[in-house]
Amino acid sequence: MTQGDRTKLKLMVVDDEPDNLDLLYRTFRRDFQVYKADSALSALEVLDQQGEMAVIISDQRMPEMNGTEFLGRTVERFPDTIRILLTGYTDVEDLVEAINAGQVFKYITKPWNPEELKTVIQQASETYKYYKQRSLALRRALRRESLFNEVMSVIRGSLDYSSMLQTIVQTLGQTFEASYCMLRPVDGSILSTSSFSYQGATAKNSSFALSEDLLIQVVESRKTQLHQSSENNPNSLQVVVPLTYQQEILAALAICQEDTTTNSWSAEDIQLIEGVAEQAALALSQAKLYQRTLDLAQQMRNELEVARQIQSNLLRQSWPDFETVKVQACCFPAREVGGDFFEVYVHSQGDIWVAVGDVSGKGVPAALFMVSAISVMRRELSQEVSPDPYHVMENINSSMSDDLIGNNHFITMVVARYTPSTGHLAYANAGHIYPLVWSHPEMVEQASSGVGNVEPNFLKARGVPLGILPVWKGKSGSVELKSGDVFLLTSDGITEATVTNQAEGSGEQTRSMLQQEGLWQLLVEEQGSLNLDNLLARIRADNPVQEDDQTILSLEVL
C-alpha cells in the first residue's frame, strides 16, 4: 500500500451479491481505502483485522445476520464510524429502529442512484472527520485535565516551600519523560544561586548544564524560550518556562530532552508544559505565603514567649515565710500570656495584702491591662500607712477607667488586707467571684468522720467591676480569722472549668461547669493540709483543653 493510500479514509462495503460488491468497490476505490465482505460474519473478521472504518455500507438482507443486526454489533467498538444501510425493501420498522438506535446514519434503497450515493458517502466522510476531530479535542482536553489533576495533586501534597520546589521539578520531569529538569527560584527578579534538579533514567550525562543567559532572558522577558541543539548534542531541545503568578516571577523552570529523534515534544506538549507551570506557580505562591506565615507565626511565638516570661516575672515568684499564716498562689494562662494575676504584698506596718484579678478577654490585650493593674496596685499598697482596701479599689479604678472604658475592657478583682496581730481581714470586691472562708481543721475532721460537712462562708460584699464607671461603686467587707481558717480567692477560669459527672442510676457521664459548689466539694475531698498545686492538678487533669486563665490563692491562718 502506498503512502497516498494510507492517508485515505477507510470504507467497508458488505453485500452478499458479488455484482453489487464489485460495483461499490469500483465506485469508491479512488477516494477511500475500500474493504469488501460478502457477509456480516466476514465483515466482523475484517474489522478485527483492520480496525475502525470511517464508513460502512451494508446491505440489509443477508444470510445469517441482516444489516441492522450487523451494524448494531459495531456501535460499541467503533462509535465514530458512520453506517449506511442499503435495502431493496421498504421494511420500515427495521429501518426506524436502526435509525433511532443510532446505528444507521442514512439508508438508501436499491437500485441506488450513483451520484446520490456518492453525495451521501461524501456527507458521511465529512461527518466522520468532524466526529474524530471533536473526539480528539475532547481526549486532549481530558488528558490535559487529567495531567493537571495528577501533577497538582502531587505538587500540592506538600506546603513546605523547599519541598515543593523539588516536587515540581521531579513531577514535571517524570510526567514529560524529560532527560533533565532544573528549577531556579527567583527573588525580586534576581535568580537565586540555589537550584533543584531532576535527572531521567535515559539521561546520558551525569550533569545538566544550562546557559545562565537563557535563564536571565526568561526572567527578564517572562516568556517561554526554546533552545534547540547544542555543540555537545545537536538533537537536544531545551524549554525554559517562567513560573509567574500575579505579575510576580517566582522561578524559572528548564526541561530538556536529549534525543529528539526518537521522542520529540510537540507544540501541544510545550503548551501543556506551560499550562502545568502556571498551576505550579499558583501552588508555589501559596507555599511561599504559607512559609512566610509560618515564619511570622514562629516570630510571634518567640515574642510571646518573651512576653510570657516578663508577665510571669511580674507575678510574685516567692514571698516570705510567715510565722502566723501560710500563703499559696498559682496562675496558669490559657495562652502564652493572659489577663489573670495575683499579688502577695507585705506592708512595712506588718499587714499582709493578697489580691486576685481577672481582666476581661484573653491574650495580649488582657495581658497589657494586667501589667498596668499590678503596677497601679503596687503603687497604692506601697503608701507609708497601710491603706483601706476600699480606697485602693477606688484609686485603681480612677487610674485605669479611661483606658478600660475606651478599649471596652473591665477588670474583676478582690483586694484583701490581713492584720496578723488582730486576725482582722478587710477586703473589697470589684465584681469578682465571692471569696470563701472556712475552718480547715473542722472541715477535715467532719469529712473523715462522715458526720455532715462544714459549710464555707461566702463573703458577698461586692461592687461593680473596674472600668465600668468613672468612679468605683461598691461595699467593703471584713471578717475575723482564727487559727485554722482559710481565705480562698479564685478566678472564673477555675469555677467555669468543665468536669465529668456520673449520672445516678444510668451510669452515664456528663460534663458541666465546676462552679463554686463543685470547687467546695473538691476542697472537702482533699486529705490533710490544703495544697493548691494538688487541687489545681485535679481540675486541670479533667480539662485537656484550657479555655480560660486559671488563678487561685489561699491565705491560711496557722
Practice item. Show the numbers, then the answer: is there a side chain to side chain contact (heavy atoms under 4.5 Å, CB included) between Cys331 and Asp549? Key: CA-CA 7 Å; Cys331 181; Asp549 304 332; 5.8 Å; no
Exercise for review: Please lay out, stage by stage, how Gln49 and Glu45 fare under the test side-chain hydrogen bond (donor to acceptor under 3.5 Å, both in side chains).
Suggested key: CA-CA 6 Å; Gln49 297 171 3; Glu45 292 177 0; 5.5 Å; no
With a cut-off of 6.0 Å (strictly less than), are more than 12 heavy atoms of other residues, nucleotides or ligands near [atom1] of [X]?
| X | atom1 | answer |
| --- | --- | --- |
| Asp295 | CG | yes |
| Lys223 | NZ | no |
| Tyr25 | OH | no |
| Arg511 | CZ | yes |
| Gln309 | CD | yes |
| Arg316 | CZ | yes |
| Glu212 | CD | yes |

So, do [X] and [Y] sit near enough that their side-chain heavy atoms are less than 4.5 Å apart?
| X | Y | value |
| --- | --- | --- |
| Ile216 | Val219 | no |
| Leu165 | Pro185 | yes |
| Phe176 | Leu272 | yes |
| Arg73 | Met65 | yes |
| Thr551 | Phe341 | no |
| Thr498 | Glu547 | no |
| Leu183 | Leu243 | yes |
| Pro242 | Thr224 | yes |

Distance-only, no hydrogens or angles: does the [X] side chain make a donor-acceptor pair with backbone N or O of [Y] under 3.5 Å?
| X | Y | answer |
| --- | --- | --- |
| Arg184 | Met182 | no |
| Gln166 | Phe196 | no |
| Glu496 | Met513 | no |
| Lys10 | Gln50 | yes |

Check your understanding: Would Met370 and Leu315 satisfy side chain to side chain contact (heavy atoms under 4.5 Å, CB included), going step by step from the backbone distance to the final call?
Key -> CA-CA 10 Å; Met370 166 265 191; Leu315 300 177; 3.6 Å; yes
Interatomic spacing from [atom1] in [X] to [atom2] in [Y] - rounded to 0.5 Å:
| X | Y | atom1 | atom2 | value |
| --- | --- | --- | --- | --- |
| Leu86 | Tyr107 | CG | OH | 12.5 Å |
| Ser189 | Glu248 | OG | CD | 8.5 Å |
| Lys36 | Asp22 | NZ | CG | 4.5 Å |

Review point. So Gln238 and Tyr180, side-chain hydrogen bond (donor to acceptor under 3.5 Å, both in side chains) or not? Walk me through it.
Key: CA-CA 9 Å; Gln238 294 177 1; Tyr180 306 97; over 6 Å; no
Exercise for review: Let me see the working for Ser491 and Asp340 under side-chain hydrogen bond (donor to acceptor under 3.5 Å, both in side chains), right down to the final yes or no.
Suggested key: CA-CA 7 Å; Ser491 68; Asp340 274 16; 2.8 Å; yes
Practice item. Check step by step if side chain to side chain contact (heavy atoms under 4.5 Å, CB included) holds for Val276 and Ile168. Key: CA-CA 10 Å; Val276 173; Ile168 291 173; over 6 Å; no
Exercise for review: Starting from the C-alpha separation in whole Å, work towards a yes-or-no answer on side chain to side chain contact (heavy atoms under 4.5 Å, CB included) for Val239 and Glu274.
Suggested key: CA-CA 10 Å; Val239 181; Glu274 291 177 322; over 6 Å; no
Exercise for review: Before giving the answer on side-chain hydrogen bond (donor to acceptor under 3.5 Å, both in side chains), spell out for Asp492 and Thr495 the whole-Å C-alpha distance, their side-chain angles and the decisive distance to 0.1 Å.
Suggested key: CA-CA 5 Å; Asp492 60 6; Thr495 56; over 6 Å; no
Practice item. Looking only at non-hydrogen atoms, find the nearest pair between Gln291 and Tyr161 and report the distance. Key: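 Closest approach of Gln291 to Tyr161: OE1-N, 3.8 Å.
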Review point. So, Asp48 and Arg77, do they make that salt bridge, N to O below 4.0 Å?
Key: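 Judged by the 4.0 Å cut-off on N to carboxylate O distance, Asp48 and Arg77 do form a salt bridge.
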Revision key, fill the gap. Phe369 meets the ring pair (Phe, Tyr, Trp, His ring centres under 6.0 Å) criterion, sequence neighbours left out, with His409
Name the atoms and distances for all side-chain donor-acceptor pairs under 3.5 Å in residues 112-121, with sequence neighbours left out.
residue : atom : partner : partner atom : Å
Asn113  : OD1  : Glu115  : N            : 2.9
Asn113  : OD1  : Glu116  : N            : 3.2
Thr119  : OG1  : Glu115  : O            : 2.9

